[in-house]
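Report on the following structure.
Numbers here are sequence positions counted from 1.
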Amino acid sequence: MRIIAGKYRGRKLKSPPSLQTRPTSDRLRETLFNILAPRINGARFLDLGAGSGAVGIEALSRGAAHATFVDRSRKMYALIETNLKALEIDEDEVYVVNSEAQAFMQKCAKKQTKPSLTVGLLPRFAPFDIIFFDPPYAMDYETVLDYVGEHSAELLTEDSLVIVEHHKKKDLPGEFGEWRRYRVLKQGDSSLSFYKAS
């Protein structure tokens with residue numbers, strides 16, 4: 001795996017050792033960021049189900065202001081830390097969390113509704129401009145998406161995007177809360193569903 005464009009272009013990343021973790025392909029990542037190009041500069045990016053961290057690191061390489069990486073696997077957490085250190089990415093630009101996706105989103109929403117809890121931590125829990133959600137294909141996506149829909153005021157900025165990577169045969173909901181799917185991009189066995197608030 002390598003970084004495709006931006007300040008870390010061409011730099012190699014360590015890949016997950018297990019086939020149980022399915023990295024987003026370089027080709028799909030390139031397509032994703034071609035679409036996100038007008039929005040990525042200065043954005044707060046959440047890589048949810050981050051695996052190796054390749055998607056969030058690509059976002060930083062292309063100008064995102066901050067990336068949060070969330071993965072439930074301790075091995076993936078360690079792998080993300082290794083990749084960030086290898087690229088010498090500033091600690092102020094990243095936050096790496098070993099957590100289930102749902103638990104992390106609940107923590108973020110709670111901290112936004114109780115500002116006193118965010119003193120000194122606000123950059124980590126401030127609303128996101130872009131959420132990229134790529135869980136294991138067997139996972140129940142809807143629980144997390146429904147939570148994001150119900151708490152989008154705390155979790156997302158105005159005019160933000162939620163992108164979900166899923167198997168091409170998995171039928172995701174066309175909407176959750178005020179969020180509507182406006183684009184589906186298929187490549188190989190994978191699809192990307194793009195959502196924005198109506």
Taking every non-hydrogen atom, the tightest pair across Ile3 and Ser61: CG2-OG, 3.5 Å
Smallest separation among heavy atoms of Val148 and Leu155, with atom names: CA-CD1, 4.0 Å
Phe33 vs Leu28, side chain to side chain contact (heavy atoms under 4.5 Å, CB included): CA-CA, chis, key distance, verdict: CA-CA 9 Å; Phe33 281 96; Leu28 188 60; over 6 Å; no
ILVMFWY network linking Ile40 to Leu87, side-chain heavy atoms under 4.5 angstrom: no
Co-membership, hydrophobic cluster, residues Leu60 and Tyr77, 4.5 Å side-chain: yes
Between NE2 on residue His151 and CG on residue Asp146, distance to nearest 0.5 Å: 10.5 Å
Expected output: side-chain Arg44 to main-chain Ala67 donor-acceptor under 3.5 Å: no
CG on Asp140 to CD on Gln102, rounded to 0.5 Å: 9.5 Å
Pairwise salt bridge (charged side-chain N to carboxylate O under 4.0 Å, His left out) hits with a residue in residues 56-67, at least two apart: Arg29-Glu58, Glu58-Arg62
Verify same cluster id: Val162, Val70 (apolar side-chain graph, 4.5 Å): yes
Interatomic distance, Glu165 atom CD to Gln187 atom CD [nearest 0.5 angstrom]: 9.5 Å
Tyr182/Tyr195 aromatic ring centres below 6.0 Å: no
Stepwise side chain to side chain contact (heavy atoms under 4.5 Å, CB included) test for Phe104 and Leu46: CA-CA 11 Å; Phe104 177 75; Leu46 173 59; 3.9 Å; yes
Cluster link Leu13 to Ile4, ILVMFWY, side chain under 4.5 Å: no
Between NZ on residue Lys168 and NZ on residue Lys186, distance to nearest 0.5 Å: 8.0 Å
Verdict with supporting geometry, Leu36 and Ile163, side chain to side chain contact (heavy atoms under 4.5 Å, CB included): CA-CA 10 Å; Leu36 293 180; Ile163 303 120; 3.8 Å; yes
Check: Ala86 main-chain N/O paired with Arg11 side-chain donor or acceptor under 3.5 Å: yes
Contact list for residues 73-91, test salt bridge (charged side-chain N to carboxylate O under 4.0 Å, His left out), sequence neighbours left out: none
Heavy-atom check, side chain of Arg39 versus side chain of Asp159, under 4.5 Å: yes
Partner of Val164 under side chain to side chain contact (heavy atoms under 4.5 Å, CB included), chosen from Asp134, Ile131, Leu145: Leu145
Shared hydrophobic cluster for Phe176 and Leu172 (ILVMFWY, side-chain gaps under 4.5 Å): yes
Phe69 to Gly53 - nearest heavy-atom pair and separation: CE2-O, 3.3 Å
Contact summary for Gly56 and Asp47, nearest pair of heavy atoms: N-OD2, 2.9 Å
Pairwise distance CE(Met105) to OG(Ser99) - rounded to 0.5 angstrom: 10.5 Å
NZ (Lys170) with more than 12 external heavy atoms under 6.0 Å: yes
Gln106 and Tyr147: CA distance, side-chain angles, deciding distance, side chain to side chain contact (heavy atoms under 4.5 Å, CB included) verdict: CA-CA 8 Å; Gln106 289 170 342; Tyr147 188 85; 3.4 Å; yes
Arg9 CZ: over 12 foreign heavy atoms closer than 6.0 Å: no
Backbone of Met76 reached by a side-chain donor or acceptor of Asp71 within 3.5 Å: no
Polar side-chain atom of Ser160 near backbone of Ile130 as donor-acceptor pair, under 3.5 Å: no
Pro127 and Leu156, any side-chain heavy atoms less than 4.5 Å apart: no
Over all atoms of both residues, closest heavy-atom pair of Arg2 and Gly10: CB-O, 4.4 Å
Flag side-chain contact, heavy atom, 4.5 Å: Tyr8 against Ile89: yes
Residue pair His167 / Ser191, side-chain donor-acceptor N/O under 3.5 Å: no
Atom CD of Glu178 with >12 non-hydrogen neighbours under 6.0 angstrom: no
Parallel, tilted or perpendicular: rings of Tyr141 and His166 (30°, 60°): perpendicular
Distance-only polar pair, side chains of Asn34 and Thr31, donor-acceptor under 3.5 Å: no
Spacing of Ser73 atom OG and Leu79 atom CG [to the nearest 0.5 Å]: 9.0 Å
Residues Lys169, Asp189; criterion salt bridge (charged side-chain N to carboxylate O under 4.0 Å, His left out); working and verdict: CA-CA 8 Å; Lys169 292 183 179 177; Asp189 287 337; over 6 Å; no
Smallest separation among heavy atoms of Phe128 and Phe45, with atom names: CD2-C, 4.1 Å
